[in-house]
Amino acid sequence: QVQLVESGGGLVQPGGSLRLSCAASGFTFSSFAMSWYRQAPGKERELVAGIASTGGNPNYADSVKGRFTISRDNAKNTVYLQMNSLKPEDTAKYYCNAKGPFRAAWIPRENYWGQGTQVTVSS
């Protein structure tokens, strides 16, 4: 079955770094666009970064541009999020998302979520 397993979260001081990983299984990883979302308490889930199936076209939320880097290794079925210069406002649960390729207008794209990993930025 489809699994997305996030890891790498934790408690870090402001200005610190963390690297999140999302290991995928149960689907053709190299055909899926991958993204990282986050959700802070009392707030809606928001897109942090995304990357195309080929590894191109990384895109970022304005709030993380220049600090976060998304990458993927299709040989390892894993997507990463390198987070530098972390701020307290980055505190959230981070979720991995996989979205399948467009096939036809009447065929819904596959959309999978992981369980999330907590990131807390605090001194």
Side-chain angles (χ1 to χ4, degrees):
Q1 74 276 22
V2 170
Q3 280 195 309
L4 294 172
V5 180
E6 300 98 334
S7 61
L11 173 63
V12 63
Q13 291 187 340
S17 298
L18 283 174
R19 188 195 197 203
L20 305 184
S21 299
C22 172
S25 60
F27 61 98
T28 307
F29 180 79
S30 59
S31 296
F32 279 60
M34 299 298 296
S35 300
W36 286 95
Y37 286 73
R38 67 186 181 188
Q39 188 167 20
K43 294 189 176 181
E44 292 191 354
R45 191 173 295 190
E46 62 173 353
L47 176 65
V48 175
I51 190 166
S53 58
T54 58
N57 299 324
N59 57 90
Y60 301 94
D62 287 344
S63 58
V64 307
K65 277 181 184 174
R67 299 188 297 122
F68 291 11
T69 302
I70 188 171
S71 62
R72 66 189 293 161
D73 185 338
N74 285 351
K76 295 183 178 180
N77 287 0
T78 302
V79 62
Y80 305 97
L81 185 68
Q82 178 67 44
M83 305 187 295
N84 298 329
S85 302
L86 282 160
K87 305 175 181 180
E89 51 263 43
D90 295 318
T91 296
K93 196 164 189 179
Y94 284 70
Y95 296 89
C96 179
N97 173 262
K99 185 161 288 184
F102 175 83
R103 303 185 192 281
W106 59 89
I107 300 175
R109 294 175 68 179
E110 297 103 316
N111 192 40
Y112 306 130
W113 291 94
Q115 293 301 306
T117 185
Q118 179 67 37
V119 171
T120 303
V121 185
S122 175
S123 53

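Numbering of residues begins at 1 and proceeds along the displayed sequence. Only this structure's heavy atoms are used, side chains among them; waters, hydrogens and symmetry mates stay out.
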Can you get from [X] to [Y] by hopping between Ile, Leu, Val, Met, Phe, Trp and Tyr side chains that sit under 4.5 Å apart?
X	Y	result
Val121	Tyr95	no
Leu4	Leu18	yes
Phe29	Ile70	yes
Val2	Met34	yes

Next on the checklist: Within a 6.0 Å radius of atom CD on Glu89, are there more than 12 heavy atoms belonging to other residues, nucleotides or ligands?
Outcome noted: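 For Glu89, atom CD is crowded (more than 12 foreign heavy atoms under 6.0 Å).
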Next on the checklist: Check this for me: Gln118, atom CD, are more than 12 non-hydrogen atoms of other residues, nucleotides or ligands nearer than 6.0 Å?
Outcome noted: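 Correct, the count exceeds 12.
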Checklist entry - So, the side chain of Arg72 versus the backbone of Thr78: is there a donor-acceptor pair under 3.5 Å, distance only? => result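 Side chain of Arg72 to backbone of Thr78: no pair is present.
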Checklist entry - Counting N and O atoms only, with roles assigned by atom type, does the side chain of Ser53 sit under 3.5 Å from a partner on the main chain of Phe32, one being a donor and the other an acceptor? => result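 Such a contact is absent between Ser53 side chain and Phe32 backbone.
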[X] side chain near [Y] side chain, heavy-atom distance below 4.5 Å:
X	Y	answer
Val119	Thr91	no
Ser122	Leu11	yes
Pro101	Glu110	yes

Which atoms form the tightest heavy-atom contact between [X] and [Y], and what is the distance?
X	Y	value
Pro58	Gly55	CD-O, 4.4 Å
Val79	Cys96	CG1-SG, 3.8 Å
Ala49	Leu81	CB-CD1, 4.1 Å
Val64	Val48	CG2-O, 3.6 Å

Next on the checklist: With side chain to side chain contact (heavy atoms under 4.5 Å, CB included) as the test, pick out the partner of Tyr60 among Ile51, Thr69, Leu47.
Outcome noted: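 When Ile51, Thr69, Leu47 are each tested with Tyr60, the side chain to side chain contact (heavy atoms under 4.5 Å, CB included) holds only for Thr69.
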Item to check | Qualifying side chain to side chain donor-acceptor pair (under 3.5 Å) pairs with a residue from residues 13-35, counting only residues at least two apart or across chains | outcome: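 Qualifying pairs: Ser17-Asn84.
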Checklist entry - Do Tyr94 and Arg38 meet the criterion of a side-chain donor-acceptor pair at a distance under 3.5 Å? => result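 Side chains of Tyr94 and Arg38: pair found under 3.5 Å.
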Checklist entry - If you measure only the distance, is there a donor-acceptor pair under 3.5 Å linking the side chains of Arg109 and Asn111? => result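 No pair is found: no donor N or O on one side chain lies under 3.5 Å from an acceptor on the other.
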Next on the checklist: One thing to verify: whether Glu6 and Lys93 come together as a salt bridge, which I'm taking to mean a side-chain N less than 4.0 angstrom from a carboxylate O.
Outcome noted: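 Salt bridge between Lys93 and Glu6, a charged N being under 4.0 Å from a carboxylate O: no.
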Checklist entry - When you check the gap from the basic side-chain N to the acidic O, do Asp90 and Lys87 get nearer than 4.0 Å? => result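 Between Lys87 and Asp90 there is no salt bridge, as every charged N stays at least 4.0 Å from the carboxylate O atoms.
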Checklist entry - Are the aromatic rings of Phe27 and Tyr112 close, with centres under 6.0 Å apart? => result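 Between Tyr112 and Phe27, which both carry aromatic rings, the centre distance is below 6.0 Å.
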Checklist entry - Is the gap between the ring centers of Trp36 and Phe68 under 6.0 Å? => result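 No; Phe68 has its ring centre 6.0 Å or more from that of Trp36.
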Checklist entry - Could you state the interatomic distance from CD (Gln1) to CD (Gln3), rounded to the nearest 0.5 Å? => result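 Reported to 0.5 Å precision, the distance equals 5.0 Å.
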